[in-house]
Amino acid sequence: MTSSEIPETGITEGGTEGAFRDVLSKDHARRGKPPVHFTDMSEDERIAKVKELGLPKFRVKQLANHYYGHFDVNAADFTDFPAAKRAEAEEAFFPNLITEVTRQVADNGTTIKTLWRLFDGAHIESVLMRYPTRTTLCISSQVGCGMGCPFCATGQLGLTRNMSTGEILEQVRVAARMMREGEVAGGPGRLSNIVFMGMGEPMGNYRSVLSAVRQISALPPQGFGISARNITVSTVGVVPGIRKLTEEGIPVRLAVSLHAPSDELRDELVPMNKRFNTTAVLDAAHDYWLASKRRVSIEYALMRGINDQAEHARLLAKRLNHYGDDWAHVNPIPLNPIEGSKWTASKPEDEKRFLDILHAAGITATLRDTRGQDIDGACGQLAAKER
């Protein structure tokens, strides 16, 4: 499949063909589409909509300023907007797409994990994490996930549906507002980083994800003004999606969830490997580095006795050094285990040995800072409890 043939909604074939089969949720079905939001519309569609309300087109820019610049969707407070049209405008442009169900707070108030309910009753999660020098929001792009990785809580849910651009961006708007209002420990601040590492495979919802990326990174009143260089798009290795992202020329960071250095082991841990193997994935990721000059993050969840031994670290270093340049940054991640799962976190001494071997081979590697250890920290754990 070439990049030009990638479906607008979903890379994979829904389990109908190929070596890989999407894992579909029991709730997977043709559902109604989410209400159309301001962020789902083109500029022409926004202008047509305000004209339907009997308003001139300059009102579109006012609405955009409120949404992207002030993180506000409560039109009753839009003092620069005709009072008689505020309710109509809110209904037409800012339908409620996500509703908070529950919130878990950890790390002395600097980590907030939120479970959201969508229009159709589906649940997704986002995690807001404040660090000394940045604030990162981890967002979801699909309801559930069809990749079927056995150690992942979201993977056990299966794929229900793709999310709309509006549903994705509402996670960002709410978090940005929380930071501005000082709702996160540390006082008022600014949301600075976005990672598409929540529920779902971002490359499986390519069109909505890329539309969201463009609106996150554009300056107000076209977007939230978060630098594209501070946005990370992750994938388990959907090669056509990586190739298409390379062609976009947007300087986001690419993160590849590798989790194993060999095809034999990765076939077990990441079923998508049966469609796009480690060589294809690493080749595509290295090409992204060549095109963007942005170092690729190699995500590697360390699992006790499975992929965390010295031989795994040595093989990983060999595979990455094969390309001959300093193109990758490895993020070994202490596994956030699912309750009752056989997949569990590595021993601290094995984590250290793994890092030492990578460093000795000249590989840049940093053990991921784990957040949310005292809550349901792995994406999908809260949603699973709501099923």
Side-chain angles (χ1 to χ4, degrees), residues 6-12 14 22 24-25 27-46 48-49 60 63-64 66-68 71 73 89-101 114-126 137-146 154 157-177 194-218 222-224 226 231 233-235 238 241 244-245 248 252 379 383:
I6 295 173
E8 290 184 337
T9 54
I11 298 291
T12 58
D22 289 311
L24 301 183
S25 164
D27 299 323
H28 178 81
R30 289 283 181 186
R31 297 183 174 216
K33 292 184 178 181
V36 177
H37 189 271
F38 185 82
T39 56
D40 296 313
M41 302 178 190
S42 67
E43 185 69 11
D44 288 344
E45 288 169 336
R46 293 170 182 173
K49 182 67 73 173
V60 170
L63 293 171
H66 283 290
Y67 187 82
Y68 300 113
F71 319 127
V73 293
E90 183 172 328
E91 182 179 359
F93 290 104
F94 303 124
N96 183 42
L97 297 181
I98 64 174
T99 302
E100 182 175 322
V101 176
T114 307
L115 178 69
W116 304 100
R117 183 172 58 250
L118 307 184
F119 84 102
D120 55 357
H123 293 93
I124 57 128
E125 300 165 22
S126 62
L137 177 69
C138 179
I139 59 176
S140 295
S141 56
Q142 292 181 316
V143 179
C145 182
T154 306
L157 299 176
L159 175 65
T160 297
R161 67 171 175 86
N162 282 332
M163 292 171 61
S164 68
T165 299
E167 289 173 323
I168 294 170
L169 287 176
E170 275 292 270
Q171 299 170 79
V172 179
R173 180 191 67 84
V174 173
R177 188 179 180 91
I194 304 293
V195 294
F196 284 83
M197 293 183 177
M199 296 174 67
E201 164 56 52
M203 298 302 185
N205 189 15
Y206 189 90
R207 189 172 75 166
S208 292
V209 166
L210 257 290
S211 177
V213 165
R214 292 184 188 281
Q215 293 181 66
I216 292 167
S217 59
Q222 279 77 44
F224 292 117
I226 296 172
I231 300 172
V233 177
S234 69
T235 178
V238 182
K244 190 169 177 66
L245 185 64
E248 302 284 354
V252 298
C379 258

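Side-chain atoms are counted along with the backbone in the values below, which use heavy atoms only and exclude waters and symmetry mates. Just so you know, residue 1 is the first one in the sequence shown, and it goes up from there.
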(request) Drop me the distance from T154's OG1 to M199's CE, to the nearest 0.5 angstrom. (result) 4.5 Å
(request) Report yes if the side chains of F119 and N96 come closer than 4.5 Å at any heavy-atom pair, otherwise no. (result) no
(request) Taking all heavy atoms of A175 and all of L137, pick out the closest pair and write down the distance. (result) CB-CD2, 3.6 Å
(message) Taking the side chain as everything from C-beta on, heavy atoms only, tell me whether D120 gets closer than 4.5 Å to R161.
(response) yes
(message) Given the ring of F38, does R46 sit roughly above its face, with NZ or CZ under 6.0 Å from the centre of the six-membered ring and within 45° of the axis?
(response) yes
(message) Looking at T99, is its backbone amide N or carbonyl O close enough to the side chain of R117 to form a donor-acceptor pair, meaning the two atoms are under 3.5 Å apart?
(response) no
(request) Identify the heavy atoms of D40 and G166 that sit nearest to each other, and give their distance. (result) OD1-N, 2.9 Å
(request) First locate atom CE of M163, then atom CD of Q171, and finally report the distance between them rounded to the nearest 0.5 Å. (result) 4.5 Å
(message) Is there a side-chain contact between R173 and V73 in this structure, where contact means two heavy atoms from C-beta onward sitting under 4.5 Å apart?
(response) yes
(message) Ring-plane angle category for H37 and Y67, please: parallel below 30°, perpendicular beyond 60°, tilted otherwise.
(response) perpendicular
(request) Without swapping roles, check the side chain of S141 against the backbone of V209 for a donor-acceptor pair under 3.5 Å. (result) no
(message) When you compare the side chain of W116 with that of L97, does any pair of heavy atoms fall below 4.5 Å?
(response) no
(message) Just to verify, which of I168, V238, V233, T235 counts as forming a side chain to side chain contact (heavy atoms under 4.5 Å, CB included) with P202?
(response) V233
(message) On a heavy-atom basis, which atom in S217 and which in I231 lie closest, and how many Å separate them?
(response) CB-CD1, 4.0 Å
(message) I need the minimum non-hydrogen distance between G198 and C138, along with the two atoms involved.
(response) N-SG, 3.3 Å
(message) Test your reading of the model: is there a side-chain donor-acceptor pair from S126 to the backbone of I139, 3.5 Å cut-off?
(response) no
(message) A side-chain contact here means heavy atoms from C-beta on lying under 4.5 Å apart; do E248 and R214 qualify?
(response) yes
(request) Locate the shortest heavy-atom distance separating E201 from C145; write the atom from each residue and the value. (result) N-SG, 4.0 Å
(message) For S164 and K33: C-alpha separation, side-chain torsions, deciding distance, then whether side-chain contact (heavy atoms from CB on, under 4.5 Å) applies.
(response) CA-CA 8 Å; S164 68; K33 292 184 178 181; over 6 Å; no
(message) Between I216 and F196, is there a side-chain heavy-atom distance shorter than 4.5 Å?
(response) yes
(message) Can you confirm whether I124 sits close enough to L118 that some side-chain heavy atom of one is under 4.5 Å from a side-chain heavy atom of the other?
(response) yes
(request) Kindly say whether E167 contributes a backbone atom to a donor-acceptor pair with the side chain of E170 at under 3.5 angstrom? (result) no
(message) Between E45 (side chain only) and S42 (backbone N and O only), is there a donor and an acceptor less than 3.5 Å apart?
(response) yes
(request) Over all heavy atoms of both residues, which pair between V143 and A122 is shortest? Give the atoms and the distance, please. (result) CG1-CB, 3.6 Å
(message) Counting C-beta onward and ignoring hydrogens, is there a side-chain heavy-atom pair between F93 and M41 closer than 4.5 Å?
(response) yes
(message) For K244 and Y206: C-alpha separation, side-chain torsions, deciding distance, then whether side-chain contact (heavy atoms from CB on, under 4.5 Å) applies.
(response) CA-CA 9 Å; K244 190 169 177 66; Y206 189 90; 3.3 Å; yes
(message) Can you confirm whether the side chains of Q142 and N205 place a donor and an acceptor under 3.5 Å from each other?
(response) no
